[in-house]
Amino acid sequence: MSLRDEILAANERYAADFDKGDLPTPPARRFAVVTCMDARLDPAKFLGLAEGDAHVIRNAGGVVSDDALRSLIISHWLLGTEEAIVIAHSGCGMLTFTNEELRARLAAETGADASGIDFLPFSDLEESVRSSVQRIRESPFLPDSFSASGFVYDVRTGRLREVA
């Protein structure tokens, strides 16, 4: 069975008992999570979330990029969230390369020029979280009442550690 067929079969099983079609659009718990796309992270499980509880914004590194900030602004102003939680994780792949290294690899592998792309790698996990939280707090598009905090998820233990 192909991956496509496996996914479609799993969706059929899910949809057969689906009873959440009446959930409201705004998240019930009025917060958003920005976290990494790493497959080892399941924010619904490690945060105790059910469908409809929170917005979950995922990208490589769990960085509050321009696009993540855009999503948070929409989340607040159009859907009523009041808080954001930034969650990075131990063993993140974003710690393992620089822009220059990835750009050189892409040039060698594809022949394409990626000099205009910032892949947003980082060398300090906690500093990345602090910077993302700071970006939320300093955004002129979010009110002072919109709070933000940051954490690191340990992929070995499943525990969160707050980043001051």
Side-chain angles (χ1 to χ4, degrees), residues 3-4 6-96 117-122 124-164:
L3 175 62
R4 178 188 170 280
E6 288 176 24
I7 289 169
L8 288 173
N11 178 252
E12 272 306 311
R13 289 188 299 275
Y14 177 78
D17 296 322
F18 188 73
D19 63 355
K20 309 236 189 249
D22 293 329
L23 287 174
T25 303
R29 294 180 59 190
R30 301 176 65 128
F31 77 99
V33 177
V34 178
T35 194
C36 189
M37 66 184 194
D38 190 298
R40 297 172 291 178
L41 278 62
D42 188 339
K45 286 184 181 174
F46 70 73
L47 297 174
L49 302 176
E51 289 99 331
D53 276 351
H55 288 152
V56 178
I57 302 159
R58 296 182 77 154
N59 63 33
V63 175
V64 177
S65 62
D66 287 347
D67 192 59
L69 188 58
R70 175 189 70 88
S71 293
L72 289 171
I73 292 164
I74 292 167
S75 179
H76 171 71
W77 289 107
L78 300 180
L79 297 161
T81 57
E82 300 172 343
E83 182 174 355
I85 297 172
V86 177
I87 303 173
H89 67 92
S90 61
C92 186
M94 297 298 286
L95 292 161
T96 65
I117 301 174
D118 184 353
F119 294 98
L120 305 175
F122 46 83
D124 183 317
L125 191 61
E126 287 79 11
E127 184 54 36
S128 175
V129 172
R130 280 191 286 277
S131 293
S132 285
V133 168
Q134 190 71 17
R135 185 150 195 230
I136 295 166
R137 290 179 178 162
E138 291 179 353
S139 173
F141 304 109
L142 292 168
D144 291 342
S145 62
F146 190 87
S147 64
S149 54
F151 298 85
V152 171
Y153 172 82
D154 189 320
V155 297
R156 292 166 308 195
T157 67
R159 286 191 163 68
L160 289 175
R161 174 178 51 82
E162 190 161 13
V163 175

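Both backbone and side-chain heavy atoms feed into the values below; hydrogens, waters and symmetry mates do not. Source: prediction; values computed, not measured.
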### Leu160 vs Val152, side-chain contact (heavy atoms from CB on, under 4.5 Å): CA-CA, chis, key distance, verdict
CA-CA 6 Å; Leu160 289 175; Val152 171; over 6 Å; no
### Query
Is there a side-chain contact (heavy atoms from CB on, under 4.5 Å) between Val34 and Ile85 once you walk through the steps?
CA-CA 6 Å; Val34 178; Ile85 297 172; over 6 Å; no
### Query
Can Leu69 and Phe141 be said to form a side-chain contact (heavy atoms from CB on, under 4.5 Å), step by step?
CA-CA 9 Å; Leu69 188 58; Phe141 304 109; 5.5 Å; no
### Task
I would like to know whether Arg70 and Asp67 meet side-chain contact (heavy atoms from CB on, under 4.5 Å); could you show each step before the answer?
CA-CA 5 Å; Arg70 175 189 70 88; Asp67 192 59; 2.7 Å; yes
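Leu125 CG to Met94 CE: the interatomic distance, rounded to the nearest 0.5 Å, is 11.5 Å. Note that CZ of Phe146 and CD1 of Ile73 are 9.5 Å apart. Values are rounded to the nearest 0.5 Å. Atom-to-atom distance recorded for Ile57:CD1 and Ser75:OG is 6.0 Å, nearest 0.5 angstrom. Of the inter-residue distances, the one linking Thr81 atom OG1 with His76 atom NE2 reads 7.0 Å to the nearest 0.5 angstrom. For the atom pair CZ of Arg40 and CZ of Arg156, the computed distance is 10.0 Å after rounding to the nearest 0.5 Å. Residue Glu82 holds its CD atom at 7.5 Å from OG of Ser145, rounded to the nearest 0.5 Å.
Between Phe122 and Cys92 the shortest side-chain heavy-atom distance falls below 4.5 Å. Between Leu79 and Pro27, some side-chain heavy-atom pair lies under the 4.5 Å cut-off. Arg161 is listed as a side-chain neighbour of Glu126, based on a closest heavy-atom distance under 4.5 Å.
Residues Phe151 and Glu162 come closest through the heavy atom pair CD2-CA, 3.5 Å. The minimum heavy-atom distance between Ala54 and Leu49, with the atom names listed, is CB-CD1, 4.2 Å. Across Ile136 and Ala84, no two heavy atoms sit closer than the pair CD1-CB, 3.9 Å. Taking both residues in full, the closest heavy atoms of Pro43 and Val56 are given as CG-CG1, 3.9 Å, listed atom of the first, atom of the second, then distance. Between Ala68 and Val63 the shortest heavy-atom distance is CB-O, 3.7 Å. Counting all heavy atoms, side chain and backbone alike, Asp124 lies closest to Leu95 at N-CD2, 3.9 Å.
Salt bridge absent: Arg29 and Glu83 never bring a charged side-chain N and a carboxylate O closer than 4.0 Å.
Although no hydrogens or angles enter the test, the distance criterion places a donor-acceptor pair under 3.5 Å between the side chain of Thr35 and the main chain of Ile87. At least one donor-acceptor pair closer than 3.5 Å links the side chain of Ser131 to the backbone N or O of Glu127. When atom types are taken as modelled, the side chain of Thr96 and the backbone of Gly93 share a donor-acceptor pair closer than 3.5 angstrom. Side chain of Asp53 to backbone of Ala50: a donor-acceptor contact under 3.5 angstrom is found. Of the possible polar contacts, none joining the Ser90 side chain to the Asp154 backbone as a donor-acceptor pair under 3.5 Å is found.
When the salt bridge (charged side-chain N to carboxylate O under 4.0 Å, His left out) test is applied to Arg58, no partner is found at least two apart in sequence or on another chain. Judged as a salt bridge (charged side-chain N to carboxylate O under 4.0 Å, His left out), and not counting sequence neighbours, the contacts of Asp66 are Arg135.
Ring pair Phe46/Tyr153 is parallel by interplanar angle, where below 30° counts as parallel and above 60° as perpendicular.
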